[in-house]
Amino acid sequence: MKRRTFLLEMTRYVAGMAAMATLPSLDAEGVARAAQIPIDVRRLHTERLAIDTDWGQLDCHLARPDDTAPHPGVVVVHDKLGLTPHFEEVTRRLALEGFVALAPDYASRFGGTPSERGPALETVGMETRSGMLADTRLALGWLKSNAVSNGKIGAVGFGLGATAIDDLVTIGTDLDGAVIFYGHPPSITDAGTIKTPLLLNLADKDQFVDPEIPAFVDLVKKTGLKAEIFTYENTERGFDDDSDSAHYSAGAAKLAWARTIEFLKVTLHAA
């Protein structure tokens, strides 16, 4: 992909969710890795990090290039299953691309994400929208103030995590770019205040999100909001998660990841 401005002509958008993004064959190396990236992989530094809060400690997974140079930062905002090994791996994938990636655990207030699906859904579901927003801002603040980051900060949210990103961009948080995977777009009522460039990677079989997209696309046309919107054929929520065989779509995952990395490199001015 060539680097380009992310304010697109409407012909580039998925009109009314009827047309689907084409899925060309992409080289998986450096784009999307179906195999797990070990926590101790060379060239990376990873660690568990605890950020002090007024209620206790926000547990996070941090991954960054193993060097002394500052890099752009990215907050990884997990979905309703919590900070699973998959989302920890997402931070490592970002680190291999040259980013400092920080994934907060929104179940930290309640003892952390359980390893089993049922308890994880219940525990993460106890988190409030205001709590998610506060915790995400803490993670952003840590990245901005820490010497490992160069001050350019983005965010990538998945499903439930898109809610926190929606709130961040509509209240004017200083994000340089934000990516939403199969999550609700920002409210059209508040979208006029958004200055952050957006990339939306959507599933075409998503009864919760699909109905909201035409109005959001129309708003983009009217306001000039910088946004790219892509929908992936025959996919469901979680299509990027290679640990979930029921929903994973390898072709869509590779293309969405390639677009995500390109978008972040352009908006965060990464090398």
Side-chain angles (χ1 to χ4, degrees), residues 36-37 39 46-64 73-95 100-146 148-149 153-171 173 175 178-184 186-187 206 208-209 236-248:
Q36 294 290 308
I37 300 173
I39 196 169
T46 62
E47 65 179 282
R48 301 297 297 187
L49 180 73
I51 301 175
D52 289 331
T53 74
D54 56 2
W55 50 262
Q57 290 188 318
L58 176 64
D59 294 324
C60 306
H61 183 79
L62 174 71
R64 61 177 176 80
V74 179
V75 174
V76 176
V77 192
H78 64 66
D79 68 8
K80 62 184 179 181
L81 289 176
L83 186 55
T84 62
H86 166 70
F87 289 111
E88 293 182 354
E89 185 185 333
V90 169
T91 67
R92 298 193 288 277
R93 292 178 182 179
L94 286 165
V100 178
L102 184 66
D105 183 354
Y106 295 101
S108 295
R109 299 168 188 260
F110 314 106
T113 297
S115 59
E116 296 182 3
R117 181 183 179 89
L121 284 168
E122 182 178 357
T123 303
V124 175
M126 294 168 63
E127 177 65 291
T128 64
R129 186 164 180 163
S130 61
M132 283 188 69
L133 176 60
D135 292 348
T136 308
R137 296 182 80 170
L138 280 172
L140 288 171
W142 187 92
L143 281 174
K144 276 190 170 292
S145 63
N146 197 284
V148 300
S149 163
I153 307 296
V156 182
F158 301 81
L160 176 67
T163 300
I165 290 182
D166 291 345
D167 290 342
L168 281 171
V169 299
T170 54
I171 65 175
T173 300
L175 274 177
V179 182
I180 289 173
F181 274 81
Y182 45 87
H184 296 282
S187 165
D206 192 334
F208 302 106
V209 173
E236 301 177 13
R237 300 166 70 87
F239 67 83
D240 65 303
D241 187 346
D242 52 19
S243 69
D244 181 358
S245 60
H247 300 105
Y248 178 58

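These values consider heavy atoms only, across backbone and side chains, with no hydrogens, waters or symmetry-generated copies.
- Listed by chain and residue number, T46, T91, R92, A95 satisfy the side chain to side chain contact (heavy atoms under 4.5 Å, CB included) test with A63 (two or more places apart in sequence, or in another chain).
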Practice item. Verify side chain to side chain contact (heavy atoms under 4.5 Å, CB included) between V76 and H61, making sure each step is shown before the conclusion. Key: CA-CA 9 Å; V76 176; H61 183 79; over 6 Å; no

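- With sequence neighbours excluded, the residues forming a side chain to side chain contact (heavy atoms under 4.5 Å, CB included) with A107 are D105, T113, T123, V124, listed by chain and number.
- Nearest heavy-atom pair, T163 versus R129, reported as atom, atom and distance to 0.1 Å: CG2-NE, 3.4 Å.
- Atoms CD1 and CG, from I165 and L160 in turn, are 11.0 Å apart once rounded to the nearest 0.5 Å.
- Between atom NE2 of residue H247 and atom CG of residue D242 there is a gap of 14.5 Å, rounded to the nearest 0.5 Å.
- Side-chain contact check for E88 versus R48: some heavy-atom pair is nearer than 4.5 Å.
- Looking at heavy atoms from C-beta onward, V148 lies out of side-chain contact with L62 at the 4.5 angstrom threshold.
- Within the 4.5 Å cutoff, the side chain of L168 has no heavy atoms near those of the V77 side chain.
- Taking every heavy atom of both residues into account, L81 and R117 meet most closely at CD1-NH1, 3.4 Å.
- Applying the ring pair (Phe, Tyr, Trp, His ring centres under 6.0 Å) definition to pairs two or more places apart or across chains, those involving residues 104-139 are H78-Y106.
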Practice item. Start with the C-alpha gap between L102 and I51, add the side-chain angles, then the distance that decides, and say whether side chain to side chain contact (heavy atoms under 4.5 Å, CB included) holds. Key: CA-CA 11 Å; L102 184 66; I51 301 175; 4.2 Å; yes

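- In this view, E236 satisfies the salt bridge (charged side-chain N to carboxylate O under 4.0 Å, His left out) rule with no residue, not counting sequence neighbours.
- Not a single salt bridge (charged side-chain N to carboxylate O under 4.0 Å, His left out) links R137 to another residue, sequence neighbours left out.
- You'll find the side chain of D244 stays beyond 4.5 Å of the side chain of H86, heavy atoms only.
- Here F158 pairs with F87, F181 under the ring pair (Phe, Tyr, Trp, His ring centres under 6.0 Å) rule; sequence neighbours left out.
- Across every non-hydrogen atom of P104 and C60, the tightest pair is CA-SG, 3.7 Å.
- Residues satisfying the side-chain hydrogen bond (donor to acceptor under 3.5 Å, both in side chains) criterion with D79, sequence neighbours excluded, are absent altogether.
- Among pairs with a residue in residues 49-59, those fulfilling side-chain hydrogen bond (donor to acceptor under 3.5 Å, both in side chains) read D52-Q57, T53-W55, at least two apart in sequence or across chains.
- What you find for A164 and T136 is that their closest heavy atoms are CB-OG1, 3.6 Å.
- Partners of R109 by salt bridge (charged side-chain N to carboxylate O under 4.0 Å, His left out), not counting sequence neighbours, listed by chain and number: E127, D135.
- E47 and R64 are not joined by a salt bridge, as no carboxylate oxygen comes within less than 4.0 angstrom of a charged side-chain nitrogen.
- When the side chain to side chain contact (heavy atoms under 4.5 Å, CB included) test is applied to T170, the partners found at least two apart in sequence or on another chain are P186, D190, T193, I194.
- Listed by chain and number, the residues in a side-chain hydrogen bond (donor to acceptor under 3.5 Å, both in side chains) with N146 amount to none (sequence neighbours excluded).
- For D166, there are no salt bridge (charged side-chain N to carboxylate O under 4.0 Å, His left out) partners two or more places apart in sequence or in a different chain.
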